[in-house]
Amino acid sequence: MSKKSFYITTPIYYPSDNLHIGHAYTTVAADAMARYKRMQGYDVWFLTGTDEHGQKIERKAKSVGKQPLEFVDGIVDGIKHLWDKMLISNDDFIRTSEERHKKVVQHIFKKIYENGDIYKSEYEGWYCTPCETFFTERQLAENQVCPDCGRPVELVKEESYFFKMSKYAERWLQYIEDNPDFIQPVTRKNEMVNFVKQGLEDLCVSRTTFSWGIPVPINEKHVIYVWFDALTNYISALGYGTEDDHLFQKFWPADVHLVGKDIVRFHTIIWPIILMAAGIELPKKVFGHGWVLLAEGKMSKSKGNVIDPVILCDKYGVDAIRYFLLREVPFGQDGYYSEEALVNRINIDLANDFGNLLSRTTAMVNKFLGGIVVAPGEGTEFDEELVRLAKAIPGQVEELLDQMEFSNALALIWKLVNKANKYIDDAAPWSLNKDPQGREKLGTVLYNMVEVLRLTTVMCTPFMPSVPEKVWTQLGMIDHKEVQSWDSLVWGRFPAGTAINRGEPIFPRIDLKEMGNEEELPQKQASPGKSLKEEGKPEEFEPALPEITIEDFGKIDLRVAEVLACEKVEKADKLLKLSLKVGEEVRTVVSGIAQHYRPDEMVGKRVILVANLKPVKLRGIESKGMILAASQGGKLEVITVESVEPGGRVK
Ligand code: MSP
């Protein structure tokens with residue numbers, strides 16, 4: 001049986017400037033959807049590309065003394081690089097300057113012309129070059145500026161070909177009535193219906209005052225209007241009307257065109273009417289998502305406030321950026337980007353909730369079960385609720401993803417992550433470990449935790465494509481593809497007997513101070529249903545070692561010591577050699593802190609020394625004692641005191 005197909009597109013981007021985080025938003029969303037559908041077993045075709053023609057690009061190129069194609073080539077390379085970096089899994093990348101595209105645009109133009117729906121006349125009206133859009137006098141905003149972008153418009157008077165859009169208004173309205181889900185979300189549908197009910201004007205579909213475009217096939221003095229040209233990419237990339245149209249046969253009509261709200265009108269009115277006039281089936285759905293805004297409003301190059309996704313990915317990692325974009329902004333609505341919000345998502349959702357669940361689980365499997373996950377047996381009173389939730393959530397996530405409710409889907413996955421974190425506190429494996437009767441329960445609790453990690457990782461895969469490999473490695477599952485697939489989202493598939501490989505935290509906490517920001521950003525306000533840390537409760541304490549008595553503790557001689565000198569240990573990335581003053585004595589200690597402190601930063605610090613530790617030789621240096629440091633995630637801080645003199649006791 002052949003697989004079901006799924007065709008998803010992003011808009012094709014103008015290669016006039018580097019893309020910003022708002023552009024990346026559309027593409028990341030489309031990519032998550034494409035990956036999700038592939039995981040579900042669909043034969044997916046995911047298209048993106050660049051919209052290279054038109055007056056805007058021609059002028060830009062001229063302003064830097066280049067030919068249009070030469071100008072766009074460099075930018076297109078940058079866009080492709082960005083998509084690689086953001087792990088965008090597009091199946092094709094179409095450039096409207098490609099021959100395969102030009103042929104199809106001309107073919108459609110001719111077809112509509114021959115059907116009598118394109119005619120020659122003269123255009124006199126207004127044009128916004130940045131938006132590449134025609135406006136009538138009445139459509140302009142106050143001060144005669146573009147109603148969409150607010151920039152000045154130009155008066156255009158030239159011979160043009162016109163497309164008889166007006167003829168199709170009734171048919172379009174009927175189509176929307178018959179296909180109520182065609183335009184989503186519903187608010188955008190209502191806007192479009194109101195727009196068309198006011199009457200449609202014929203659309204100017206050619207220009208003569210510049211030449212950077214696809215020539216009109218019946219009159220080479222004209223170039224085809226850039227939106228007519230661009231919209232056709234969705235079928236030219238599939239080889240429509242050419243000898244090899246197997247992709248068109250297989251994937252058209254598109255399942256969804258994903259676009260920003262600013263270009264919904266082009267996709268839901270002009271594009272369907274072009275298709276109606278050309279006798280081609282309409283796409284199944286157009287989804288108009290909201291804008292990613294900054295506190296001060298829209299991002300724009302002229303305001304100098306564009307957020308570069310390449311820089312963000314380098315700084316925080318691509319998975320975190322993808323997660324943030326799809327979690328923070330409910331899809332369809334506008335939302336705000338700030339670095340503070342991003343760091344909070346990383347520190348709370350990714351490091352504290354998800355990363356910590358993995359660390360705690362693997363640490364306990366190691367400590368209590370010798371690193372082997374055992375089959376569940378007798379359980380605890382807390383199991384039922386966790387298992388019920390874990391069984392219910394995958395189906396609900398699926399429903400949300402089918403509606404492209406990415407943020408709600410992620411919130412639901414995190415409900416399970418947080419439930420599992422709470423389950424650990426309730427079931428307290430460390431207590432079960434002490435109870436000779438508790439071994440079986442302990443095995444069950446740790447199995448349940450590992451299984452929740454498996455399920456949540458599978459569900460996160462479309463959003464954060466490079467995270468699963470890290471989790472599977474730690475869970476010892478890297479070769480078990482059968483339990484990484486979407487259809488393995490069934491409780492209890494984690495194979496008992498698996499040996500785990502505890503590793504580094506997969507999402508180290510971000511310390512903005514260390515990253516060069518002045519002050520660490522404030523944490524997000526606590527809100528119901530969030531993790532323990534968010535609610536302001538102390539972070540759960542997981543005893544790492546067996547209980548000791550006060551007498552045991554008293555055997556450790558802890559002293560204040562002052563760092564007199566410090567240097568790197570040759571050929572050892574992690575080691576610093578410290579000369580410490582303890583009372584009147586000066587002794588040498590080698591410490592593994594070189595990746596967290598420079599030698600000069602250590603000099604003068606009063607640290608805590610384990611003074612009676614048996615000396616050891618490290619890289620040929622005798623180390624007499626060890627200094628104390630606190631660590632969490634990837635962060636490490638040496639413990640210091642202010643005014644107690646060297647030699648002072650610590651109790
Ligand atoms: N070239 C046209 C599309 C032609 S499709 C046949 C175009 N290009 S664009 O580069 O200006 O925008 C591409 C996409 O990025 C659009 O969907 C647009 O809505 C989206 N975004 C641009 N800035 C955005 C934000 N700040 N936030 C969210 N999406 C934004 O339009």
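Both ligands and their constituent atoms are indexed starting at 1 by order of listing.
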task = Could you check whether the rings of Tyr323 and Trp414 sit parallel, tilted or perpendicular, using 30° and 60° as the cut-offs?
result = tilted
message = Among all protein heavy atoms in this structure, tell me which lies nearest to atom 12 (O) of ligand 1, with the distance rounded to 0.1 Å.
response = His23 CD2, 3.8 Å
message = If you measure every N or O of Leu231 against every N or O of ligand 1, does any of those distances drop under 3.5 Å?
response = no
N or O contact, Ala230 vs ligand 1, cut-off under 3.5 Å = no
ask   = Which ligand 1 atoms, with their elements, are less than 4.0 angstrom from a heavy-atom of Gly290?
value = 28 (C)
task = Name all pairs fulfilling the ring pair (Phe, Tyr, Trp, His ring centres under 6.0 Å) condition that reach into residues 288-314, sequence neighbours left out, sorted by first residue then second.
result = Tyr25-His289, His289-Phe331
query = Should the proximity of Thr26 to ligand 1, defined as any heavy atom under 4.0 Å, be assigned to the side chain, the backbone, both, or neither?
reply = side chain
query = Which ligand 1 atoms, with their elements, are less than 4.0 angstrom from a heavy-atom of Pro11?
reply = 3 (C), 5 (S), 14 (C), 16 (C), 17 (O)
ask   = Nearest protein heavy-atom contact for atom 25 (C) of ligand 1: which residue, which atom, what distance?
value = Trp291 CE3, 3.2 Å
ask   = Are any of the side-chain nitrogens in Lys80 or Asp84 under 4.0 Å away from the carboxylate oxygens of its partner?
value = no
query = Picking from Asp255, Asp43, Asp402, what satisfies side-chain hydrogen bond (donor to acceptor under 3.5 Å, both in side chains) with Lys37?
reply = Asp402
inquiry  = Please check: side-chain N/O of Ser338 versus main-chain N/O of Ala341, any donor-acceptor pairing under 3.5 Å?
reply    = yes
ask   = Taking N or O atoms only and a 3.5 Å limit, does Ile263 qualify as a polar contact for ligand 1?
value = no
request  = Check each atom of ligand 1 against the heavy atoms of His20 and keep those under 4.0 Å away; list them by number with element.
outcome  = 23 (N), 24 (C), 26 (N)
query = Between the side chains of Gln144 and Glu137, does any donor sit under 3.5 Å from an acceptor?
reply = yes
message = Considering non-hydrogen atoms of the protein only, which is the closest contact for atom 17 (O) of ligand 1, and what is the distance?
response = Gly260 N, 2.8 Å
ask   = Where is the nearest protein heavy atom to atom 27 (N) of ligand 1: which residue, which atom, and how far?
value = Val292 N, 2.8 Å
remark   = For Asp51, the ligand 1 atoms with a heavy-atom partner under 4.0 Å come out as 1 (N), 2 (C), 4 (C)
key: Pairs flagged by ring pair (Phe, Tyr, Trp, His ring centres under 6.0 Å) wherever residues 85-117 is involved - sequence neighbours left out   = His107-Tyr240, Phe109-Phe228
ask   = Lys298 near ligand 1, heavy-atom distance under 4.0 Å?
value = no
ask   = In terms of the angle between their ring planes, are Phe162 and Tyr119 parallel, tilted or perpendicular, with boundaries placed at 30° and 60°?
value = parallel
request  = Inspect the contact between Arg345 and Glu328 and indicate whether a charged nitrogen and a carboxylate oxygen are less than 4.0 angstrom apart.
outcome  = yes
Per-residue contact class, Phe266 against ligand 1 - non-hydrogen pairs under 4.0 Å = neither
request  = Tell me which protein heavy atom sits closest to atom 7 (C) of ligand 1, plus the residue, atom name and distance to 0.1 Å.
outcome  = Tyr14 CE1, 3.5 Å
request  = Distance to 0.1 Å, residue and atom name: give those for the protein heavy atom nearest to atom 30 (C) of ligand 1.
outcome  = Gly22 O, 3.5 Å
key: Presence of salt bridge, Lys110 and Glu114, under 4.0 angstrom   = yes
remark   = Test side chain to side chain contact (heavy atoms under 4.5 Å, CB included), reference Val196, set Ile273, Leu173, Ile176, Thr268, output is Leu173
message = My understanding is that we take every heavy atom of each candidate and find the minimum distance to atom 5 (S) of ligand 1. Doing that for Tyr234, Tyr25, Tyr13, Phe228, which one comes out nearest?
response = Tyr234
query = What is the ring orientation for Tyr127 with Tyr225, classed by angle as parallel under 30°, tilted 30 to 60°, or perpendicular over 60°?
reply = perpendicular
remark   = for atom 3 (C) of ligand 1, nearest protein heavy atom and its distance come out as Ile12 O, 3.2 Å
query = Under 30°, 30 to 60°, or over 60°: which ring-plane class applies to His267 and Tyr234, parallel, tilted or perpendicular?
reply = tilted
query = Which atoms of ligand 1 have any heavy atom of His289 under 4.0 Å away?
reply = 28 (C), 29 (N)
ask   = Between Asp262 and ligand 1, is there a nitrogen or oxygen pair with a distance under 3.5 Å?
value = yes
request  = Could you tell me whether some N/O pair between Val259 and ligand 1 is separated by less than 3.5 angstrom?
outcome  = no
message = Below 4.0 Å from ligand 1: does a non-hydrogen atom of Trp227 turn up there or not?
response = yes
